[in-house]
Amino acid sequence: MRGTTQTIRILLVEDEPDLNGLIVRKLKLENYTVDSCLNGLDALAYLDREYYDAVILDMMIPGISGMELVKKVRSQERKTPVLLMTADNTDFDQATNPELQVDEYLLKPFALQELLTKVRAMLRRYYGNISNIFEVGDLIVNCDARTEIGIRHCLLRNLGKV
């Protein structure tokens, strides 16, 4: 995680195109960077190519199920936090199995605000407090203002590495 919601990369895996588009738009309005796909096989390809700070996925997706996708990700020792969505109470019971190592669960239908609340809580638990304001000495960068120079933002995110 890079410290601000402007730089948090999320992969959304939802096979229902309208819901997928709605969630993507809402996440982007919250300044998350979002990639999305409609099936588990595409999700695996995204995960092989990119680093994600979080994954939001539906349990019942074509290609490879949400649970199988989580198992595959965890078998590769990736610690990426995962929010699993499901429309079925029976699937919800399976998804809450601690061995699956899912970080958050959401039963459909849900309000978008509930999804955002769970995403923020999951990110906070995994990465610590999320702040959009960085301070180093006398320099203060407010990433919510969107007026700061990108290089400053990049340097502050990587403080101690650069």
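Bear in mind that the values here come from a model prediction, so they are computed numbers and not experimental data.
Residues Asn20 and Ser36 come closest through the heavy atom pair OD1-OG, 3.1 Å. In this structure, Leu69 and Ala43 approach most closely via the heavy-atom pair CD2-CB, 3.7 Å.
In this structure, the side chain of Lys118 does not engage the main chain of Leu106 through any donor-acceptor pair within 3.5 Å. The backbone N or O of Arg78 sits nowhere less than 3.5 Å from a side-chain atom of Gln76 that would complete a donor-acceptor pair.
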Between Met85 and Ile23, does the side chain to side chain contact (heavy atoms under 4.5 Å, CB included) criterion hold? Intermediate values first, please.
CA-CA 12 Å; Met85 304 178 294; Ile23 294 171; 4.3 Å; yes
I'd like to know whether Leu57 forms a side chain to side chain contact (heavy atoms under 4.5 Å, CB included) with Leu83, so could you lay out the CA-CA distance, the side-chain angles of the two residues, the decisive distance to 0.1 Å, and finally the verdict.
CA-CA 6 Å; Leu57 73 138; Leu83 184 151; over 6 Å; no
Go through the steps to decide whether Tyr126 and Lys79 satisfy the test side chain to side chain contact (heavy atoms under 4.5 Å, CB included), and finish with yes or no.
CA-CA 9 Å; Tyr126 193 79; Lys79 305 282 187 203; 2.6 Å; yes
Go through Tyr32 and Asp53 one step at a time and tell me if the side-chain hydrogen bond (donor to acceptor under 3.5 Å, both in side chains) criterion holds.
CA-CA 10 Å; Tyr32 294 104; Asp53 297 301; over 6 Å; no
List the steps, then state whether salt bridge (Lys or Arg N to Asp or Glu O under 4.0 Å) holds for Lys28 with Asp35.
CA-CA 10 Å; Lys28 286 183 176 183; Asp35 289 329; over 6 Å; no
List the steps, then state whether salt bridge (Lys or Arg N to Asp or Glu O under 4.0 Å) holds for Glu30 with Arg25.
CA-CA 9 Å; Glu30 296 292 320; Arg25 284 190 299 280; over 6 Å; no
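Taking hydrophobic clusters as Ile, Leu, Val, Met, Phe, Trp and Tyr residues chained together by side-chain heavy-atom distances below 4.5 Å, Leu22 shares a cluster with Ile56. Under the 4.5 Å side-chain heavy-atom criterion for grouping Ile, Leu, Val, Met, Phe, Trp and Tyr, Leu112 is connected to Leu123 within one hydrophobic cluster. If you chain together hydrophobic residues whose side chains sit under 4.5 Å apart, Tyr46 and Leu44 fall into the same group. No continuous path of ILVMFWY side-chain contacts below 4.5 Å connects Ile64 to Leu38, so the two sit in separate hydrophobic clusters.
A 6.0 Å sphere centred on NZ of Lys72 holds no more than 12 heavy atoms belonging to other residues, nucleotides or ligands.
Cation-pi geometry between Arg125 and Tyr127 is not met at under 6.0 angstrom from the ring centre and within 45 degrees of the axis.
Distance check, rounded to the nearest 0.5 Å: SG of Cys37 to CG of Asp15 gives 10.0 Å. Rounded to the nearest 0.5 angstrom, Glu14 CD and Leu19 CG are separated by 4.5 Å. If you take CZ on Arg120 and CZ on Arg124, they are separated by 8.5 Å, rounding to the nearest 0.5 Å. Taken from OH in Tyr52 to CG in Leu11, the straight-line distance is 5.0 Å, to the nearest 0.5 Å. How far CD of Glu104 is from CE of Met122: 7.0 Å, rounded to the nearest 0.5 Å.
A 4.5 Å side-chain heavy-atom check between Lys26 and Leu116 finds at least one atom pair inside the cut-off. Using a 4.5 Å heavy-atom cutoff, the side chains of Leu47 and Val55 are in contact. In this structure the side chain of Leu27 never reaches within 4.5 angstrom of the side chain of Val24, judged on heavy atoms. Inter-residue side-chain proximity for Lys108 and Asp58 is flagged as met; some heavy-atom pair is nearer than 4.5 Å.
A salt bridge is defined here as a Lys NZ or Arg NE, NH1 or NH2 lying under 4.0 Å from an Asp or Glu carboxylate O, and Asp103 with Arg74 meets this definition.
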